[in-house]
Amino acid sequence: MSKAGTLDLASGLGGKLDKNEVLSAVEKYEKYHVCYGGEEEERKANYTDMVNKYYDLVTSFYEFGWGESFHFAPRWKGESLRESIKRHEHFLALQLDLKPGHKVLDVGCGIGGPLREIARFSYTSVTGLNNNEYQISRGKELNRVAKVDKTCDFVKADFMKMPFPDNSFDAVYAIEATCHAPDAYGCYKEIYRVLKPGQHFAAYEWCMTDAFDSNNQEHQKIKAEIEIGDGLPDIRLTGQCLGALKQAGFEVVWERDLAVNSPLPWYLPLDKSHFSLSSFRLTAIGRFITKNMVKVLEFVRLAPKGSQRVQDFLEKAAEGLVEGGKKEIFTPMYFFLARKPLSASEK
């Protein structure tokens with residue numbers, strides 16, 4: 001995992017933004033969201049700007065707290081967070097039946113932690129698709145350090161309009177990334193187009209579960225906190241994702257919410273009642289230290305103005321995620337394995 005330290009956090013805040021523009025970017029980002037009077041349709045219409053601002057602002061925080069893989073995982077007792085994250089990535093590779101020489105696409109790859117792990121695990125070539133310039137620059141540097149830069153690369157593009165020919169990839173996956181799409185069907189249809197016939201697409205989706213009640217104000221508050229803290233235009237129900245997959249033309253091999261019956265809850269690293277030395281930066285004490293550290297860094301101008309505001313909405317996200325997990329109204333690991341038919345007659 002990444003060994004990002006305090007100075008990395010400070011220097012990375014704002015990503016490719018000019019440091020004098022960070023506060024303005026924070027203010028514009030916040031205004032997209034319900035907590036600040038924003039509307040869902042505006043977030044969907046401006047998802048590229050919103051998501052890019054989000055990842056410019058938060059990537060250094062993510063790398064500081066989570067390492068190179070920005071995702072959750074079901075967890076066994078006695079298993080560290082790092083071990084569970086790797087196993088979650090290996091599970092995905094096994095479900096896709098990846099083989100040496102396969103050409104694989106990671107949709108919404110972040111800084112490429114899963115990409116590097118899956119490429120080394122399966123001896124495949126993985127292309128990471130990402131629309132954020134800062135994350136791609138970090139990913140390329142980490143690929144070079146990990147010595148996978150000859151087989152793995154990045155393409156800067158919108159996953160709603162991919163710059164690849166039809167039938168380009170032997171497998172496609174997405175890890176907690178296509179939740180940023182304004183329209184699940186449109187995103188899945190593009191994935192369907194670039195995937196070779198007979199091959200598979202697998203994903204972990206962020207979803208509201210069937211227990212979510214849109215008329216419940218507490219449920220609405222939790223959903224809004226997750227949306228602002230994680231750069232989401234909306235959070236779909238599991239059934240909506242399933243329906244969009246089928247509408248796009250996929251045959252669904254199997255699907256399941258992997259959060260159900262997990263021996264340890266997926267939100268444990270963020271639960272304030274939990275303490276862990278191995279993931280200390282994510283604990284209540286670790287987050288308190290980070291919050292005050294960012295405050296000092298901003299005061300002495302090592303971190304740009306607005307950095308504390310970013311920390312604040314990330315903290316709000318953590319609270320929403322834990323409450324959503326405890327009430328079982330939200331999952332970050334609705335898993336599905338889907339297949340593109342060999343021909344139209346096979347559908």
Side-chain angles (χ1 to χ4, degrees), residues 1-33 35-36 38 49-71 81-82 110-113 130-142 144-145 225-231 269-272 274-322:
M1 294 176 85
S2 173
K3 302 188 186 305
T6 304
L7 291 178
D8 298 301
L9 173 62
S11 63
L13 273 164
K16 290 290 185 180
L17 294 171
D18 184 286
K19 300 308 177 186
N20 295 321
E21 297 175 356
V22 169
L23 180 57
S24 172
V26 172
E27 290 171 344
K28 289 176 182 176
Y29 172 75
E30 288 174 339
K31 287 177 182 176
Y32 279 121
H33 291 277
C35 310
Y36 293 85
D49 179 64
M50 183 190 71
V51 175
N52 254 310
K53 279 188 170 61
Y54 175 77
Y55 280 114
D56 274 332
L57 295 169
V58 307
T59 294
S60 64
F61 279 101
Y62 274 19
E63 196 172 350
F64 182 77
W66 284 96
E68 295 177 26
S69 294
F70 307 159
H71 64 84
L81 175 61
R82 181 177 180 178
I111 61 172
N130 192 324
N131 210 18
N132 184 268
E133 188 178 342
Y134 175 65
Q135 287 199 331
I136 288 177
S137 67
R138 281 294 298 138
K140 285 182 176 178
E141 172 60 18
L142 292 167
R144 186 189 64 76
V145 171
E225 286 176 342
I226 297 172
E227 286 169 351
I228 187 172
D230 295 283
L270 298 178
D271 192 335
K272 287 185 175 179
H274 174 70
F275 181 80
S276 168
L277 284 174
S278 64
S279 53
F280 177 75
R281 291 176 179 178
L282 298 176
T283 64
I285 298 172
R287 278 149 49 196
F288 176 79
I289 292 171
T290 300
K291 181 177 182 179
N292 285 282
M293 179 180 69
V294 170
K295 188 175 182 180
V296 171
L297 290 169
E298 187 171 335
F299 180 76
V300 299
R301 300 185 179 181
L302 283 174
K305 285 184 179 180
S307 298
Q308 291 180 71
R309 296 261 288 269
V310 179
Q311 172 74 17
D312 288 343
F313 69 65
L314 286 174
E315 186 61 31
K316 188 171 289 188
E319 293 168 4
L321 288 165
V322 171

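Worth saying up front: this structure is predicted, and the values here are computed from it rather than measured.
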Just wondering, do [Y] and [X] contact through their side chains at under 4.5 Å, heavy atoms?
X: Val310; Y: Val294; result: no
X: Lys28; Y: Asp49; result: no
X: Val296; Y: Asn292; result: no

So, taking the atom named [atom1] in [X] and the one named [atom2] in [Y], what distance separates them when rounded to the nearest 0.5 Å?
X: Trp66; Y: His71; atom1: CH2; atom2: NE2; answer: 9.0 Å
X: Phe313; Y: Gln308; atom1: CZ; atom2: CD; answer: 13.0 Å
X: Lys16; Y: Glu133; atom1: NZ; atom2: CD; answer: 5.0 Å
X: Ser307; Y: Phe61; atom1: OG; atom2: CZ; answer: 6.0 Å
X: Leu297; Y: Gln311; atom1: CG; atom2: CD; answer: 11.0 Å
X: Lys291; Y: Leu314; atom1: NZ; atom2: CG; answer: 12.0 Å

What's the shortest heavy-atom distance between [X] and [Y], and which atoms?
X: Val22; Y: Pro304; result: CG2-CG, 3.7 Å
X: Pro269; Y: Leu81; result: CG-CD1, 3.8 Å
X: Ile228; Y: Cys35; result: CG2-SG, 4.2 Å
X: Tyr54; Y: Gly229; result: OH-O, 2.7 Å
X: Glu319; Y: Glu225; result: C-OE1, 4.2 Å
X: Tyr29; Y: Lys53; result: N-CD, 4.4 Å

Check whether more than 12 heavy atoms from other residues, nucleotides or ligands sit under 6.0 Å from atom CD of Glu141, and answer yes or no. yes
Passing candidate, side chain to side chain contact (heavy atoms under 4.5 Å, CB included) with Tyr134, options Asp56, Leu57, Asn52: Asp56
All pairs passing salt bridge (Lys or Arg N to Asp or Glu O under 4.0 Å) where residues 300-316 contributes a residue, at least two apart: Glu30-Arg309, Lys272-Glu315, Arg287-Glu315
Can you check whether Gly306's main-chain N or O pairs, donor with acceptor, with Glu298's side chain at less than 3.5 Å? yes
Classify the angle between the aromatic ring planes of Tyr62 and Phe70 as parallel (below 30°), tilted (30 to 60°) or perpendicular (above 60°). perpendicular
Yes or no on side-chain contact (heavy atoms from CB on, under 4.5 Å) for Asn131 and Val51, after CA distance, side-chain angles and deciding distance? CA-CA 9 Å; Asn131 210 18; Val51 175; over 6 Å; no
